Amino acid sequence: MSILFESIKVGNFTLPNRIAMPPMCVYKARDYSGLPRCFHRLHYPARSLGGVGFIIVEATAVSPEGCISKNDLGLWSDNQIEAHTKLNYEIKKYTCQTTAIQLGHAGAKGTCDNILSPSGICFSPEYQHPKTLNTQEIYEIVTKFKDAAIRAKAANYDIVEIHAAHGYLISEFLSPLTNKRDDEFGGSIDNRMRLLSLIAQEISPIIPFGVRISADDWEVGGNTIEDSKIIAKKCAELGACYISVSAGGVVTKPSLVPELKPMYQAGYAKAIKEVVNIPVIGVGLITTKEQGEEMILGGYCDIVAYGRELLRNPNFALYAAASEGKNELIDFSYQRAF
């Protein structure tokens with residue numbers, strides 16, 4: 001049987017297979033409501049019915065000013081818990097019995113009013129000029145992540161993923177390209193990690209957490225894989241139950257972008273896997289069963305996130321199972337189609 005269909009432990013949870021749906025924004029919430037709608041209650045459960053073993057719900061803002069767009073999901077209000085609970089109920093009817101939700105803050109990459117950042121650096125001319133956060137405001141954001149994690153647990157999510165990648169707020173603190181502070185939140189890598197560490201410490205007693213990182217900023221003077229090894233090891237020490245390894249997103253036109261081809265980020269995941277003893281999720285234009293198997297058997301990662309492929313084909317896992325002759329893994333209503 002394909003390694004993709006072997007179970008794996010993530011924290012105290014057992015995933016039925018190693019096929020994951022990573023967080024991908026669909027921009028379907030109504031203006032600043034943050035509420036999952038009918039679309040979400042079809043979109044995510046369809047992948048669970050399609051055999052995906054682990055679903056991570058898209059970037060969900062911890063505050064209105066932390067939205068990437070006005071159509072983001074949110075967990076900044078108790079009024080949003082019920083809709084998220086209904087979403088979880090629909091997902092868990094099928095293969096995926098362990099759900100995560102990615103909690104994030106857009107920082108300087110937000111398109112809402114009053115955007116915030118560590119050092120007031122614009123992401124690009126198309127974005128607003130962000131306000132530089134003061135120390136009190138940073139601690140208030142930590143509290144917002146904590147409160148959102150409490151709501152995530154109340155909505156029956158099993159895991160929270162801290163979004164520390166792709167140039168959003170926590171990533172902006174981590175990168176020396178966007179963090180020019182001279183206080184306890186800037187300078188050394190330990191200081192640049194402080195926001196992430198504080199959030200992890202607050203969330204850990206509430207709900208299990210994973211972390212998504214950008215392993216390389218793809219720009220001179222930015223974080224490299226060596227910096228990210230330090231970040232990943234610290235996350236594991238703080239209790240993370242997995243690390244999801246992506247890259248880039250901190251600057252608009254980075255000069256060190258690798259060739260964009262299948263598995264182009266595999267090496268980053270492997271480097272992180274070598275320094276932590278928790279599952280690593282690998283990403284990067286992975287579209288076939290064979291590529292996923294290579295990722296795991298080659299020691300690059302433990303779980304494979306199929307992003308765009310699952311947007312195209314919610315039944316990817318069913319096709320992969322059928323190719324192995326494992327039709328018993330397919331919902332009985334669909335078996336005759338394979």
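This one's a predicted model, so the numbers in the text were calculated from it and none came from an experiment.
R312 CZ: more than 12 foreign heavy atoms inside a 6.0 Å radius. The 12-atom threshold is not exceeded at CG of N277, counting heavy atoms of other residues, nucleotides or ligands nearer than 6.0 Å. Counting non-hydrogen atoms of neighbouring residues, nucleotides and ligands closer than 6.0 angstrom, the CD atom of E140 exceeds 12 such neighbours. Around atom CD of Q136, no more than 12 heavy atoms belonging to other residues, nucleotides or ligands sit under 6.0 Å away. Residue-environment remark: NZ (K233) stays at or below the threshold of 12 foreign heavy atoms within 6.0 Å. Taking a 6.0 Å sphere around NZ of K92, one finds it holds more than 12 heavy atoms contributed by other residues, nucleotides or ligands. Residue K270 places its NZ atom among more than 12 non-hydrogen atoms of other residues, nucleotides or ligands, all under 6.0 Å distant. Heavy-atom neighbours of D31 CG from other residues, nucleotides or ligands within 6.0 Å: above the threshold of 12.
Hydrophobic clustering, with ILVMFWY side chains joined whenever heavy atoms are under 4.5 angstrom apart, keeps L35 apart from L42. In terms of hydrophobic clustering, with Ile, Leu, Val, Met, Phe, Trp and Tyr side chains grouped at heavy-atom distances under 4.5 Å, I159 and I81 are assigned to different clusters.
Side-chain contact of T85 with N88: a donor-acceptor pair under 3.5 Å is absent, judged by distance alone. E226 and T224 form no side-chain donor-acceptor contact under 3.5 Å, judged by distance and modelled atom types alone.
Side-chain contact between I199 and L103 is absent, with no heavy-atom pair separated by less than 4.5 Å. Looking only at side-chain heavy atoms (C-beta outward), V283 and R212 come within less than 4.5 Å of each other. Proximity of K144 to D147: side-chain heavy atoms (C-beta onward) are nowhere separated by under 4.5 Å. Between Y334 and L49, the closest side-chain pair of non-hydrogen atoms falls below 4.5 Å. With a 4.5 Å cut-off on side-chain heavy atoms, Q265 and V245 do not count as touching.
The aromatic rings of F316 and Y306 sit tilted, their planes meeting at an angle between 30° and 60°. Note on ring orientation: taking the six-membered ring where Trp is involved, the planes of F123 and Y127 are perpendicular (angle over 60°, cut-offs 30° and 60°). Under the 30°/60° scheme for interplanar angles, the aromatic rings of Y264 and W218 are found to be tilted.
A side chain to side chain donor-acceptor pair (under 3.5 Å) with S175 is found for exactly one of D217, N223, D227, namely D217.
Between the side chain of Q102 and the backbone N or O of E58, no donor-acceptor pair lies under 3.5 Å. Side-chain atoms of K109 come within 3.5 Å of backbone atoms of G249 as a donor-acceptor pair (strictly under, hydrogens ignored).
Residues Y27 and F39 keep their aromatic ring centres 6.0 Å or farther apart. Checked against the 6.0 Å centroid threshold, Y268 and Y300 do not count as a close aromatic pair.
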